[in-house]
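Since we're looking at a predicted model, the values are computed, not measured. To find a chain, count down the sequence lines: A is the first, B the second, and so on, and within it residues start at 1.
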Amino acid sequence: MTTRQRLDLLSRAYPRLFPRTELLRLLRAQLGHADALDRWIARDGVRVRARAPGLIYHVCAGNLAVSAWTSLAHGLLLGARNAVKLPGDRDDSTARREILDFVRGLPKQLRGLVETHRTLDDDLFSRADVIVAFGSDATIGNLRARTRPGQKFIAHGHALSLLWIAEPDRLNSRQVRACAVDVLAYDQLGCLSPQAIYAPAGTKIGPLGEKLARALEAEWRAIHPKPPRPLPVAARIAEARDVALALGHRAWLPPKGHLGWTLIHDPDPAFQPSPLHGVIYLRTVAEAKLTAALASVAGRISTVGVAGQMASGQLSSRWEKAFLSLGVSRFCPAGRMQFPPLTWHHDGRPVLGDLVTWIDSELPA
Amino acid sequence: MNRSDDLSLPAAHRAWTKRLLGPINETAWNELSWELFARQFARIPAYKRLALGRGTTPKTFQSWKDIPAVPQQLFKRTRLFSHPAARPGVVYETSGTTTGRPGRQYLLDAEVYRAVSVEGAHRAGLFNGGPELFFLMPPPREAPHSSLSAMFGFWQKALRQTGHRFQVRKGNLDLASFRKTLAEAIKRGRPLGLCGTAFSFVHVLEAWTGLPPLRLPRGSWVLETGGFKGRSREIAKADLYRQIARLFSVPDHAIWNEYGMSELSSQAYARGTAGLHQTPPWARVLVCDPVTGRETAVGRRGLVRWIDLANVDSVLAVQTLDLAERTRDGFRLIGRMARTEPRGCSLGAEDLLTGAASGH
């Protein structure tokens, strides 16, 4: 089967997740040519072709299935065999079931390239050419220690994302709604989910909070099915609300106090993790203090979604510089945080380019 | 002590302790809890805000079950100290955090904590037979902000025991030395009490795999506490107890769990794998629904809320994230919840907070 055949099968099975044109763009962007795996391609006076790994071992995250789907799609596009270590049970995520559903939904020719395991298969793990691992620092460390020399290890450790409201006074309703989409997509469980909304110092918090609260409620109402709120999740949401109440922080809560979303203004600009599940902190920070406010998560910030300034141009270069110094690897308009293009450099790396090796031929064609 | 007394006076502290350790019937319990709530409501701004938000004030107080509880997390965010004009003499801290905010329990002095932690252990039966104690912890002088080390130090003094009781020195648990110490203690024939965190026992079990079991004298016991907070390795309680029982040759019912935390002054104890925790008379536990804040029905799960009348210097009511089932006589602790549980690619508090809030 050629790359293009696999691409067609994948995009036909999941046209919204993996549109054909985007997959082609991904191949061209990262391998230089859509057929680079199937034949020699002339490049810089020599001929090259890419070699796919024989076996990729995917260790999947427990929070969201989408990272596993994408990782699998990369392996399938390359024509590799894919072994999947499924995440364990947890009460606030259906990731495992969704990964299995995704595999079942693949056409037979691609499904034959995938096998799933509930526990780590030591034999497959040691035989894999590439390990792609999602997880905590401890998990990544443990897995890395098991790798053999020469085995590629691609780690996606923990990361978080932020929303930046560049011009709060000029925020229109579409942009506010886009912020709400980012906060509530995937129940805020992904590394691309914002854990805080930052706005420049001096922002009038009251009006901004009101707008955001209205948008969050509207977005929550639009979500079907609603994400679950089992006891441990409800407990953390209630705790965040109580802490805000005790500290005298302004909080915007949904009507009748449902647990879909919670917006809390924290006057301390220093980042504090959110309990997720729709709990979002609104903070203001002076430009000069941004790096200090985010110092505890420097190097772990994946995406900054930007609202309020995109209509008039790009992110202000001063703020951009500050975020870049914190290691941010992606900027995008608000509303797109959870929906990066397939060509996205996940954690700043080429997702296909990392998997393949190259063969060079200086012989005449 | 009447209601106008100033609890910041050591004498008043002593008088309060005396009331706690005396008989407490339902009327006395309600009176004591009202007094402490009223005092802390008036003196701790964050607590007052929370109580007002909940619609409960000393004037509207009807039952101790109405007392608003502060979330454990609040000890990380603000100072909950009921003596605004005084300087705390003792500060106990929860595990450190990379965001620089451990939870802090501020005490005027450690006297109430000392009295109730010794009396609580005594009433639970831990001191029966005068066991010789050993602690898999650093001594209090090496860990001045550890409430667990402090408590074990109080026990040591209460039982008038001298010598090297604390086995962790300068951050290091010398297992060879500990084994030798134990072997000598076993020869003396007195019952032994071995105390430490669950994780420290896992460490011992792993290190002594392959070594012959130790035969602790009759009447000996093992006390574990604190779970596996912030640790990547953990084993099920039943497995841990089985392995402890085998290594130290003690029956299941001689293995105790201590359930306490830095933010509290009192502790609950349970015996054996299936044992239910018992609180001392001056502390009670409610199992509550996190959304309604109300006590769950018998047989239903909820979160542990402590009402600790010995928590005189901070806040008497603490809402934990620990999961429990309400039983007819009390509660069955199901698990101590990590601060947050996002795993995979989303960075959650569990990764920012090295260790968790609960535990000493």
* Asked: Taking atom CD of B:Gln319 and atom CG of A:Asp242, what is their separation to the nearest 0.5 Å?
  -> 8.0 Å

* Do other residues, nucleotides or ligands put more than 12 heavy atoms under 6.0 Å from the NZ atom of A:Lys289? -> no

* To do: Give the minimum heavy-atom separation between B:Pro71 and A:Glu239, together with the two atoms involved.
  => CB-CG, 3.6 Å

* To do: Please check if atom CZ in B:Arg49 has more than 12 non-hydrogen atoms from other residues, nucleotides or ligands closer than 6.0 Å.
  => yes

* Asked: When you look at B:Leu74 and A:Leu247, which way does the side-chain contact (heavy atoms from CB on, under 4.5 Å) test go after all the steps?
  -> CA-CA 8 Å; B:Leu74 198 61; A:Leu247 294 176; 3.8 Å; yes

* Give the C-alpha distance, both sets of side-chain angles, the deciding distance and a yes or no for salt bridge (charged side-chain N to carboxylate O under 4.0 Å, His left out) between B:Arg77 and A:Asp268. => CA-CA 11 Å; B:Arg77 299 298 304 272; A:Asp268 183 351; 5.2 Å; no

* For A:Tyr57, ring-ring contact (aromatic ring centres under 6.0 Å, His included) partners two or more places apart -> A:Phe125

* Mind checking whether A:Arg236 and B:Leu321 have side chains closer than 4.5 Å, heavy atoms only? -> yes

* **Toward chain B: residues of residues 249-266 of chain A with heavy atoms under 4.5 Å** => A:His249, A:Leu259, A:Asp266

* Might you point out which heavy atoms bring B:Pro290 and A:Leu231 nearest each other, and give the distance in Å? => CD-CD1, 3.2 Å

* Might you confirm whether atom CZ of B:Arg300 has over 12 heavy atoms from other residues, nucleotides or ligands at distances under 6.0 Å? => no

